[in-house]
Amino acid sequence: MDADDPLLRILACPLDKGPLTLLSEQNILYNPRLQLSYPIVDGIPQLLPSSGSRGTEDDHATYLRAAAE
């Protein structure tokens, strides 16, 4: 999955239904509002609520920096 993929426009977090940010280097979709990351496995986003993982505050800061680049 890449940043130009039209699928990104319609993907949403399964919990708050808000937009997700692609972090291609980490191979995740990130929800900064809930600080949850969803893995992308073999190009397929894993968007079940149980697939989301909450990182540390350091992870959150790293993901926000990566999203800003």
Side-chain angles (χ1 to χ4, degrees):
M1 177 171 275
D2 62 28
D4 296 328
D5 194 328
L7 181 63
L8 282 176
R9 286 186 231 136
I10 62 171
L11 290 179
C13 175
L15 297 175
D16 75 356
K17 310 301 186 237
L20 296 167
T21 302
L22 174 65
L23 301 175
S24 47
E25 286 187 22
Q26 290 86 355
N27 213 29
I28 62 171
L29 290 168
Y30 187 62
N31 178 340
R33 298 167 306 285
L34 299 178
Q35 297 184 11
L36 291 173
S37 60
Y38 296 93
I40 300 171
V41 179
D42 294 328
I44 301 169
Q46 307 298 304
L47 293 177
L48 294 172
S50 61
S51 296
S53 63
R54 189 173 309 275
T56 65
E57 286 296 322
D58 289 337
D59 292 336
H60 177 65
T62 299
Y63 295 158
L64 290 179
R65 278 193 301 274
E69 293 177 354

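We use all heavy atoms of the structure for the numbers below, so side chains are in, but hydrogens, waters and symmetry mates are not. Positions are given from 1 along the sequence.
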Side chains of L47 and L20 in contact at under 4.5 Å (non-hydrogen atoms):
yes
Taking atom NZ of K17 and atom CG of N31, what is their separation to the nearest 0.5 Å?
11.0 Å
Find out if a path of hydrophobic residues (ILVMFWY) with successive side-chain heavy-atom gaps under 4.5 Å connects L29 to L34.
yes
Shortest non-hydrogen contact from P19 toward R33:
O-NH2, 2.9 Å
Taking the side chain as everything from C-beta on, heavy atoms only, tell me whether L22 gets closer than 4.5 Å to L11.
no
Grouping I, L, V, M, F, W and Y whenever their side-chain heavy atoms are under 4.5 Å apart, do L15 and I28 come out in a common cluster?
no
In terms of the angle between their ring planes, are Y30 and Y63 parallel, tilted or perpendicular, with boundaries placed at 30° and 60°?
perpendicular
Donor-acceptor contact present, side-chain E25 to main-chain L23, <3.5 Å:
no
Say whether I10 and L48 are linked into one hydrophobic cluster, either directly or through other cluster members, by side-chain heavy-atom distances under 4.5 angstrom.
no
Where is the tightest heavy-atom contact between R54 and L36, given as atom of each residue plus distance?
N-CD2, 3.8 Å
I'd like to check the ring-ring contact (aromatic ring centres under 6.0 Å, His included) partners of Y38; sequence neighbours left out, ordered by chain and number.
none
